[in-house]
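Report on the structure given below.
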Amino acid sequence: MPLGAPPSLHALAPQECAIKAASPPKGAPAGDVGDVAVQLRGITKRFPGVVANHDIDITVRRGTVHALVGENGAGKSTLMKILYGMQRPDEGTIELDGAPVELHSPADAISRGVGMVHQHFMLADNFTVLENVVLGAEKLHGIGGKARARIKEISDAYGLGVRPDVMVEDLGVADRQRVEILKVLYRGARTLILDEPTAVLVPQEVDALFANLRDLKAEGLTVLFISHKLGEVLAVADDITVIRRGTTVASVVPSETDPRRLAELMVGSELPSPETRESTVTDTGMLTLDGVRLTATDVDGVERAVLDDIGLRIRKGEVLGIAGVEGNGQAELVEAIMGMRDPDAGTITLDGADISHAPTRKRREDGIGYIPEDRHRHGLLLEAPLWENRILGHVTEPPNSKGGLLNPAAARRDTERIVATYDVRTPGIEVTAASLSGGNQQKLIVGREMSHHPKLLIAAHPTRGVDVGAQAQIWDQIRTARREGLAVLLISADLDELIGLSDTLRVMYRGRLVADADPATITPEELGSAMTGAASGHLEHPAEDAAEADEAEVTTGGEDR
Amino acid sequence: MKKFDKERVLLAVAAPLLALVAAFLLTALVLAATGKAPFNAFGIMFDYGVKADSQVYILNKATTYYLAGLAVAIGFRMNLFNIGVDGQYRLAAFFAAVVGGALELPGLVQIPLIILVAMLVGAMWASIAGLLKVYRGVSEVISTIMLNSLSGILISYLLVDGRLADLDKQTNIVATDPLPSSSHFFTIPAGGDLDPVFGFIVVAALAGVGFWFLLGRTRFGFDLRAVGRSESAAQASGVDVKRMVLTSMLLSGGMAGLIGMPTLLNDTHQFTSDFPAGIGFTGIAIALLGRNNPVGIALAAVLWGFLERGANRLEFEGYDKEIVGVMQGVIVLCVVIAYELVRRYGLKRQQQRVGAELAAQARKSEKKKEVAV
């Protein structure tokens with residue numbers, strides 16, 4: 001019983017014993033453990049058009065890794081922004097080290113020892129690590145030798161391995177993340193918030209990060225870890241709080257749960273399933289890529305192939321899923337098919353016509369529907385009203401225009417129809433796209449693209465940042481589209497979505513399609529190992545002689561779903 | 001949906017009004033600081049500004065300013081900062097004057113020809129900046145500033161006795177050959193012994209209607225505005241952004257070519273070394289003040305003319321006429337600030353309203369569900 005936590009201090013009394021038994025802290029000073037570092041009580045945040053936080057209660061013990069899990073759009077990030085002073089709660093209290101606090105800004109939070117590592121790094125590429133770390137914190141240890149010494153000291157203490165004089169642009173993703181962590185520690189944080197830190201990492205890097213987190217914990221620091229990847233959460237967390245639809249629904253410890261139960265807690269009883277039933281795949285090809293190659297100049301000025309010899313074929317009524325760790329060429333693949341980038345070699349054929357170098361508008365007119373990965377950058381005019389957004393991308397097609405002239409009346413009428421048919425929750429079509437929640441923006445985009453009866457639908461992360469209700473609707477739309485004979489190219493980081501919706505799966509790694517799999521038999525784990533380049537070719541279960549082991553793997557493998 | 005519209009109109013009017021009030025207050029402070037009675041100065045300006053001859057003056061000035069505002073606004077609508085309107089219109093007016101002075105055709109042919117030359121020269125001069133931006137990534141701000149300078153040098157090189165101009169021995173003024181009287185644009189008599197109103201005001205009004213139609217009602221205009229709102233989204237939607245940059249630079253330059261025409265065709269009938277300068281920069285202020293909207297720009301142009309008319313009078317009354325310059329500067333600053341404030345407020349307010357309405361809807365449906373259970 002290495003944990004000396006007095007039960008009274010821990011609010012989640014039922015799990016108390018389990019925690020003591022389950023999570024032996026690695027060298028945590030006994031005196032620290034059990035103190036409450038962060039306590040959130042009754043936090044409520046009303047927010048225009050998105051899932052609000054309401055009645056959130058979380059207790060985070062000092063010297064632990066506390067995971068906050070929940071689906072995209074469940075309200076995790078909002079909650080952490082509240083704790084980091086970026087948002088003010090409408091109701092509820094925040095206590096740090098037992099004292100109630102009001103956080104007005106991130107500076108407030110930092111001065112009270114709360115630091116945040118954002119999902120998207122905030123580093124200046126053309127500065128060295130040292131310069132990035134001291135930027136904005138020059139008063140602490142200056143900008144010279146003393147600062148360098150302090151960085152070294154922190155880096156050594158927590159095993160971060162940060163070199164102060166390297167340019168940030170020369171660092172990989174994992175190293176940059178460590179610089180971000182160091183930046184926060186340098187400013188004196190005792191509680192670290194990590195927002196989806198593993199989203200950009202490959203598994204080996206994830207392991208290294210977790211080792212760092214254990215070091216931090218051992219030194220008595222507290223880590224709040226936001227994630228929706230249950231396997232990782234179970235591997236690293238001491239306590240887990242589940243958030244669903246903006247409120248805390250459960251507090252559990254890893255030893256008492258498994259991924260399946262955690263997933264059920266996350267999505268609630270009405271677990272939407274991306275599964276498609278009968279196959280609608282036909283023999284008619286719709287999109288064919290052959291030997292497509294695209295090069296780009298990376299930050300070091302080296303020309304590198306971002307797409308290398310890509311060949312694929314999508315038939316009518318088929319959903320082709322592309323799996324892969326983000327940044328392995330999926331975005332470039334979409335841009336090449338959309339005509340936003342011109343391939344250096346190879347051909348792209350749509351419904352028998354060569355469109356390799358056709359302009360984007362021509363491709364859209366020819367029947368490519370596009371649900372972009374980043375809807376704010378590529379799918380919407382945020383400050384334009386909904387009906388103008390309905391025209392975007394289809395300005396040359398009816399009902400939006402006739403000849404060279406716009407037809408605003410018809411576009412408005414059709415927007416009303418889309419809003420009604422696709423259940424876009426909005427008070428009207430004159431409001432700007434920016435005032436809708438992510439899910440409703442996405443439903444508008446899906447509605448717009450489907451309204452032009454595309455032959456091919458490109459859906460890049462179609463349910464990212466979308467609430468559960470909208471997610472189910474969007475899945476339905478894709479299924480319907482497929483039944484009607486559309487070819488769908490689906491790119492997603494959500495392996496369950498990929499496996500559930502796809503008829504065929506391909507794995508992308510470093511700009512190449514390295515493996516293919518049958519979604520009926522593949523497990524997320526097998527897919528995951530191919531995504532890191534560990535497996536290639538046709539992914540299949542071992543033959544009958546390994547049937548037993550195979551079965552065992554299926555049971556554990558299914559857990560992540 | 002009507003109430004949202006009403007509120008939007010209110011907000012749209014609120015911004016310039018707020019800016020003007022703030023600007024007048026600030027100017028009053030400046031006047032008071034120099035030991036002059038501020039409201040007396042405003043009174044003088046107003047009394048003088050509404051006189052009949054002042055009105056003609058203001059309209060004629062505003063015609064030029066309106067065209068300048070439109071030229072700048074075309075760029076603004078797609079996030080292009082065409083600072084080069086100044087150089088474009090001066091060069092355009094110069095070559096138009098040269099061509100006009102060299103020919104003697106019937107007015108019906110020659111006047112359109114002169115205007116066409118002006119628009120082509122303006123567009124071509126602007127296209128240099130457009131090409132540099134599209135093919136070499138040169139910021140249009142930098143290149144158009146340089147081109148302004150170059151156009152000045154080019155004009156002073158060509159506007160020399162024996163090159164494209166002649167020296168009038170009596171007045172010692174270098175000018176291009178005057179336009180034949182057949183090329184004088186019609187004027188609208190203002191009655192009495194007042195100066196007539198420039199007939200070019202009709203062309204300016206048509207240009208305003210054309211601007212509105214092109215941007216608001218055509219596919220091309222939609223593409224242009226889409227680029228202005230989000231270049232990445234426009235590109236993904238199928239707009240050829242590069243071509244759009246070039247096209248709108250040409251349009252902006254062509255419109256800039258018209259700026260010098262009221263002066264050339266209705267007033268001076270030749271290009272002299274004291275041909276009005278700096279109107280391209282005035283156009284930036286007017287486009288800002290008028291929110292890049294053809295009606296707003298018209299109001300802004302009239303206001304600008306009014307202020308300048310008042311400035312002349314203030315000098316007579318013992319005030320520093322620079323005070324109007326201060327006022328114009330303060331107005332532009334206030335306008336930029338007020339628009340941004342109102343824009344943010346409007347967006348936030350709309351988000352809140354949408355949130356509130358949706359929450360109300362959700363509550364209603366939830367209640368229904370409860371009843372059903």
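Note on naming: letters A, B, ... go to the chains in the order of the sequence lines (proteins, then strands), and numbering restarts at 1 for each one.
- Taking A/G339, A/A384, A/P359 one by one and counting their heavy-atom pairs under 4.5 Å with chain B, the maximum is reached by A/A384.
- With a 4.5 Å cut-off on non-hydrogen atoms, A/M338 touches chain B through its side chain but not through its backbone.
- Most heavy-atom pairs under 4.5 Å with chain B, from the set A/E388, A/H394, A/R375: that is A/E388.
- The number of heavy-atom neighbours closer than 6.0 Å to CZ of B/R243, taken from other residues, nucleotides and ligands shown, is 12 or below.
- With chain B as the partner, the residue from A/V395, A/L406, A/I391 showing the most heavy-atom pairs under 4.5 Å is A/L406.
- Atom CD of B/E231 has 12 or fewer heavy atoms from other residues, nucleotides or ligands within 6.0 Å.
- Heavy atoms from other residues, nucleotides or ligands lying under 6.0 Å from NZ of A/K81 number 12 at most.
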Just do the side chain to side chain contact (heavy atoms under 4.5 Å, CB included) check on A/T360 and B/Q235 with the steps written out, would you? CA-CA 8 Å; A/T360 305; B/Q235 200 204 359; 5.8 Å; no
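- At distances below 3.5 Å, at least one donor-acceptor pair connects side-chain atoms of A/R364 with backbone N or O atoms of B/A236.
- Using a 4.5 Å cut-off between non-hydrogen atoms, the part of residues 217-230 of chain B that approaches chain A consists of B/R217, B/T218, B/R219, B/F222, B/D223, B/R225, B/A226, B/R229, B/S230.
- Ranked by heavy-atom pairs shorter than 4.5 Å toward chain B, the options A/P372, A/G403, A/G379, A/P385 are led by A/G403.
- Your options are A/L382, A/L380, A/L392, and the one with the most heavy-atom pairs under 4.5 Å with chain B is A/L392.
- Between A/M340 atom CE and B/S232 atom OG the span is 8.0 Å, to the nearest 0.5 Å.
- Listed by sequence position, the residues of residues 250-257 of chain B in contact with chain A number zero, using a 4.5 angstrom heavy-atom cutoff.
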